[in-house]
Protein chains: 2
Amino acid sequence: MLKTHLKNSKEYQPGLSIDCVIFGFDDNQLKVLLIKTGYDDSWSLPGGFVSIDEDIDTAAVSILQSRTGLTGIFLRQFATFGKVKRNQDHFSSDSLAYFGIPLEEEKWYKSRFVTIGYYALVNFSKAIPQADNPGEMVEWIDHHEVPELILDHREILDKALETLRTELNLMPVGYNLLPEKFTIPELQKLYETILGRTLDRRNFLRKITSIGILTKLDEKKSNVAHKAPNLYSFDKDKYEEVLKNGLTQGW
Amino acid sequence: MLKTHLKNSKEYQPGLSIDCVIFGFDDNQLKVLLIKTGYDDSWSLPGGFVSIDEDIDTAAVSILQSRTGLTGIFLRQFATFGKVKRNQDHFSSDSLAYFGIPLEEEKWYKSRFVTIGYYALVNFSKAIPQADNPGEMVEWIDHHEVPELILDHREILDKALETLRTELNLMPVGYNLLPEKFTIPELQKLYETILGRTLDRRNFLRKITSIGILTKLDEKKSNVAHKAPNLYSFDKDKYEEVLKNGLTQGW
DNA sequence: TGTACATTGCGTCATATTAACACATAGCAT
DNA sequence: ATGCTATGTGTTAATATGACGCAATGTACA
């Protein structure tokens, strides 16, 4: 959660942080990028502070970039969390010392923080998880197997997934999560994983193709068991257009 | 925008404010509660600060209560606005003097603020617009005739309406905006006003009744020109249930 | 080599939902 | 009485959805 090269707290917007729920899709699993601190092995969402001269959206992009190496990613603000006691008693003096925080900065870290939640959809294979502190671990974890998280990060994660599910009814998803070439069954698995329920193969094909955002390639997936499925790619222009105008119906 | 009985700035969460877009429905118009300061006649959304020991949701409820006298109202957080320069140069030293802000507090008011947007749906006839400062005006204004607003309040208002339109597809609306007894044409007008387009009378009736949240009363509207329309009320239990589970289709 | 099996691709059909419209009724105005 | 306007109810065609059937393709293995 904390980042190195920390500036003096005066350079940050006081009492404000950003937490990112970064989703990736791999091995038919929806995964979330989580961070384990070296201090006490507690897990958290990647997050950070907002510089005093930085837009909040820019700060979110910057956190995402520093953790995945990626830019130009689908990133959306979904909620702000501001219960008084959400970060009460989180940082002990011991932990702050561990992170190399000077004594005079302790008060700042122990003060009340409001956090803005962003969720991102990233191409799993292109992301390079990046630790920030020595001893820190950054890992992709199946969203079904997320361990206990610090603070209200579990609530933030749940809300992000809930938002993603709702927005699946309003926009197409996949361009950001899948490789350039993919099969319809893979896309279906993605939808099923996000929604948490199965969909009928044949109805899915009909519906997803009728949106008009897919280009059928003259190529089949190789090295697969059973019948080789056709490869598709997204028609970026039409995809963007539908993203902007919204879908008319949901799943 | 500012409130009297201001506490010392140290009692507030620094750099954080809340702005409320309060919608009401009257005379077939969707209206927004706006505030005109006595200082320079500029218009703004009702807003306020967050006490250091107050949840953000509680702060929003409190602003709503102080401006309308209402509690237990539909209130939803929809976005947080945090561009660096969003409140740059807003408060002149003159204006702060006008509002009775001591000199030593000036810096606080001129610092960067991030604001959390909430929108509310309230029963127009039950709300009692309440001024907070002498010289201040609080008025319901048709959302089509909103004057120029301070800061990024126009953007906040637009985003609130956009969110409301989207959420109309996910939940029923009306319980919070209409009187206890109402007619189907009135409810339709509400939907049309929010959506900004007309709907077919007969299709609307079929769809809205099929949701199962309406109770047809054995009573007709009186004192109307032309044929007297039937009165309806909401079935609160079923309404709440649908609010929680969501609608399956939209408009 | 050929048979079983899992998966994909394409199609069908009954039902539900939506959009567009016709017509009768109620109440006011003249 | 007659016209005007808005309400209440019904009809129909087009479209979308949900639940399947079945053939084709490629692997595994007897």
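Per chain, numbering begins at 1; letters A, B, ... match sequence-line order. In this text the structure is predicted, and so the values were computed from the model without any measurement.
- Atom NZ in B/K221 sits roughly 17 Å away from atom C1' in D/dT5 (whole-Å rounding).
- For the pair B/D200 CG and D/dA6 C1', the computed distance is 14 Å after rounding to whole Å.
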Test log, rule side-chain contact (heavy atoms from CB on, under 4.5 Å), inputs A/N176 and A/V122: CA-CA 5 Å; A/N176 322 277; A/V122 312; over 6 Å; no

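- Remark: P of D/dG18 and CZ of A/F204 are 13 Å apart, rounded to the nearest angstrom.
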Restricting to nitrogen or oxygen on both sides, can you table the protein-nucleotides 2-7 of chain C pairs closer than 3.5 Å?
none

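- More than 12 heavy atoms of other residues, nucleotides or ligands sit less than 6.0 Å from atom NZ of B/K36.
- No close placement of the B/F74 and B/Y175 rings is indicated, their centers lying 6.0 Å or farther apart.
- The interatomic distance linking A/N223 (CG) with C/dT8 (P) rounds to 16 Å, in whole Å.
- Judged by distance alone, the side chains of B/E167 and B/Y119 do bring a donor and an acceptor atom under 3.5 Å apart.
- A residue-by-residue look at A/R206 and A/A228 shows that A/A228 has its nearest nucleotide of DNA chain C further toward the 5' end.
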Between B/F25 and B/F124, is a ring-ring contact (aromatic ring centres under 6.0 Å, His included) present by the stated rule, with each step listed? CA-CA 6 Å; B/F25 190 66; B/F124 180 89; 9.2 Å; no

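- Rounded to whole angstrom, the span from the CD atom of B/E186 across to the P atom of D/dA6 amounts to 14 Å.
- Between A/N203 atom CG and D/dT15 atom P the separation is 19 Å, expressed in whole Å.
- Contact annotation: A/K216 side-chain N/O to C/dT8 OP1/OP2 distance is not under 4.0 Å.
- Aromatic pair B/F78/B/Y118: centroids not less than 6.0 angstrom apart.
- The distance between atom CG of B/L205 and atom P of C/dC23, rounded to the nearest whole Å, is 20 Å.
- Annotation: side chain of A/M137 is not in contact with side chain of A/T37 (no heavy-atom distance under 4.5 Å).
- Atom CZ in A/R197 sits about 12 Å away from atom C1' in D/dG18, given to the nearest Å.
- With hydrogens and angles ignored, no donor-acceptor pair under 3.5 angstrom links the side chain of A/R202 to the base of D/dG18.
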